[in-house]
Amino acid sequence: MASEIAIYHYFDLGRLGRGGPLVLFFKDAGIDYKELLYKIDETWPENKKKLREQGITRTGQLPAVEYDGHRLTQHIPIMRYFTRKLGRYDGETNWEKYLVDAVSDIYVDRRTEWVAAARRGGERRKEYVQKLPHFYEVFGEYYNENPGPYLLGEKITYVDFAVYHLLDNDQRIGVRPESVPESLIKLEEAIEARPNLAEYIRKGKQ
């Protein structure tokens, strides 16, 4: 990997966010990065304005990454960018790439609902919790298609970090369903045992 450092802009969510799936991806891949974190308080509107004026985020949303002269936004496209640069963390066949894309889309839908529930609470949170068993069932079916802990079996892809991150956040905010598919349990165990992630995740659980 090039020696250039990725500048990672994200929200300061404490133990809940832990940098999102991008940090897991960066650490696993050995990508050097520097975090610039922003509080979600009265300072955020001004910081958001500055980030837009600087062209770091066009939408005013985070995450955003500055790397190699480019400004990248959105979790999944950013991971795809680095996946292509590295030549790994993706499917090899057309079918494998389709599976990764399909689960990525489900992740984006899930994350959108999670953010809305976290921001608005109340009825929106109740609706999110009611939908969780269905989401877990769908994720579980995809992960049960191939032997091994990851979506594609023994080969990890970028979407595995995203799915793990959602499972972990649900656990932290206390909305995780009592019944979780075994295939997702295996994913969690595999991610938490990866050499570049084990210590980081262990400290985050303390």
Side-chain angles (χ1 to χ4, degrees), residues 1 6-11 13-35 37 61-65 67 72-92 96-115 135-136 138-140 142-146 148-173 176 180-181 183-205:
M1 188 70 192
I7 307 300
Y8 178 47
H9 301 264
Y10 197 51
F11 296 112
L13 301 176
R15 292 178 66 251
L16 177 61
R18 286 195 296 159
L22 271 170
V23 165
L24 297 175
F25 179 85
F26 285 163
K27 286 184 175 295
D28 195 83
I31 296 171
D32 292 331
Y33 69 96
K34 175 184 177 181
E35 281 185 317
L37 302 178
Q61 301 299 315
L62 298 178
V65 172
Y67 184 80
L72 317 170
T73 57
Q74 310 299 329
H75 287 103
I76 293 298
I78 293 171
M79 286 195 286
R80 285 176 179 154
Y81 173 90
F82 283 99
T83 287
R84 291 161 186 161
K85 185 175 183 65
L86 294 167
R88 53 195 174 104
Y89 291 104
D90 199 359
E92 295 179 8
E96 287 182 343
K97 291 178 185 294
Y98 159 77
L99 288 175
V100 175
D101 286 345
V103 175
S104 295
D105 281 359
I106 298 171
Y107 160 79
V108 171
D109 291 342
R110 252 290 312 272
R111 184 175 182 279
T112 298
E113 295 203 15
W114 188 92
V115 170
F135 275 117
Y136 274 69
V138 172
F139 277 131
Y142 273 104
Y143 274 84
N144 201 41
E145 284 192 16
N146 293 302
Y150 307 117
L151 178 63
L152 300 184
E154 297 295 331
K155 179 172 57 181
I156 193 168
T157 64
Y158 67 86
V159 76
D160 295 314
F161 301 108
V163 174
Y164 170 84
H165 177 69
L166 281 178
L167 299 175
D168 185 61
N169 270 357
D170 284 344
Q171 179 71 35
R172 288 170 182 273
I173 66 175
R176 183 163 168 163
V180 177
S183 58
L184 298 184
I185 298 296
K186 290 180 179 178
L187 169 67
E188 286 186 306
E189 293 173 347
I191 292 286
E192 293 176 359
R194 291 186 69 80
N196 288 358
L197 298 179
E199 183 66 10
Y200 173 75
I201 292 176
R202 184 188 67 79
K203 288 182 178 180
K205 288 184 176 292

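Numbers here are sequence positions counted from 1.
When all heavy atoms of G91 and V100 are compared, the closest pair comes out as N-CG2, 4.2 Å. Taking every heavy atom of both residues into account, M79 and A162 meet most closely at CE-CB, 4.2 Å. Between I106 and V138, the shortest heavy-atom contact is CD1-CG1, 3.8 Å. The nearest pair of heavy atoms linking G153 to N146 is N-CB, 3.7 Å. Here the shortest heavy-atom pairing between A190 and P149 reads CB-CB, 3.4 Å.
Annotation: side chain of Y142 is not in contact with side chain of S183 (no heavy-atom distance under 4.5 Å). Residues L166 and F135 are not in side-chain contact: their nearest non-hydrogen atoms beyond the backbone lie 4.5 Å or more apart. The closest side-chain heavy-atom distance from L151 to E145 is not below 4.5 Å. Between F25 and T83, the closest side-chain pair of non-hydrogen atoms falls below 4.5 Å. Contact annotation: the side chain of I191 never approaches that of D168 to less than 4.5 Å [non-hydrogen atoms, C-beta and beyond]. Residues F82 and Y158 fail the side-chain proximity criterion, which asks for heavy atoms closer than 4.5 Å. A heavy-atom distance below 4.5 Å is found between the side chains of L187 and Y150.
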>> Would F161 and L197 count as a side-chain contact (heavy atoms from CB on, under 4.5 Å) here? Give the steps.
In response: CA-CA 11 Å; F161 301 108; L197 298 179; 3.9 Å; yes

> Under the side-chain contact (heavy atoms from CB on, under 4.5 Å) criterion, do Y200 and L24 qualify, and how do the steps go?
Replying inline: CA-CA 9 Å; Y200 173 75; L24 297 175; 3.9 Å; yes

> Could you walk me through whether R110 and F139 pass the side-chain contact (heavy atoms from CB on, under 4.5 Å) check?
Replying inline: CA-CA 11 Å; R110 252 290 312 272; F139 277 131; 3.9 Å; yes

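With sequence neighbours left out, R194 forms a salt bridge (Lys or Arg N to Asp or Glu O under 4.0 Å) with D28. The salt bridge (Lys or Arg N to Asp or Glu O under 4.0 Å) check on D101 picks up R80, with sequence neighbours excluded. Every salt bridge (Lys or Arg N to Asp or Glu O under 4.0 Å) that R176 has, sequence neighbours left out, goes to E188. A search for side-chain contact (heavy atoms from CB on, under 4.5 Å) contacts involving K155 returns E92, E96, L152, not counting sequence neighbours. For P63, the side-chain contact (heavy atoms from CB on, under 4.5 Å) partners at least two apart in sequence or on another chain are Y8, Y10, L22, H75, I78. Residues meeting the salt bridge (Lys or Arg N to Asp or Glu O under 4.0 Å) test with E154, sequence neighbours left out: none.
Of the candidates R84, K85, K97, K97 is the only one forming a salt bridge (Lys or Arg N to Asp or Glu O under 4.0 Å) with D90.
A side-chain donor from one of Y136 and D170 sits under 3.5 Å from a side-chain acceptor of the other.
Ring geometry, F26 versus Y33: the interplanar angle falls from 30° to 60°, so the pair is classed tilted.
Atom CD of residue E192 and atom OH of residue Y164 lie 3.5 Å apart, to the nearest 0.5 angstrom. Summarising the geometry, atom CD belonging to Q74 is positioned 10.0 Å from atom CG belonging to L62; distances are rounded to the nearest 0.5 Å. With rounding to the nearest 0.5 angstrom, the CZ atom of R111 is 9.5 Å from the CD1 atom of I76. Distance check, rounded to the nearest 0.5 Å: OH of Y67 to CG of D32 gives 9.0 Å.
With salt bridges taken as basic N to acidic carboxylate O contacts below 4.0 Å, one links R202 and E199.
In terms of modelled atom types and a separation under 3.5 Å, the side chain of N196 and the main chain of K27 share a donor-acceptor contact. A donor-acceptor pair is defined here as one N or O able to donate and one able to accept, closer than 3.5 Å; such a pair exists between the side chain of D160 and the backbone of T157.
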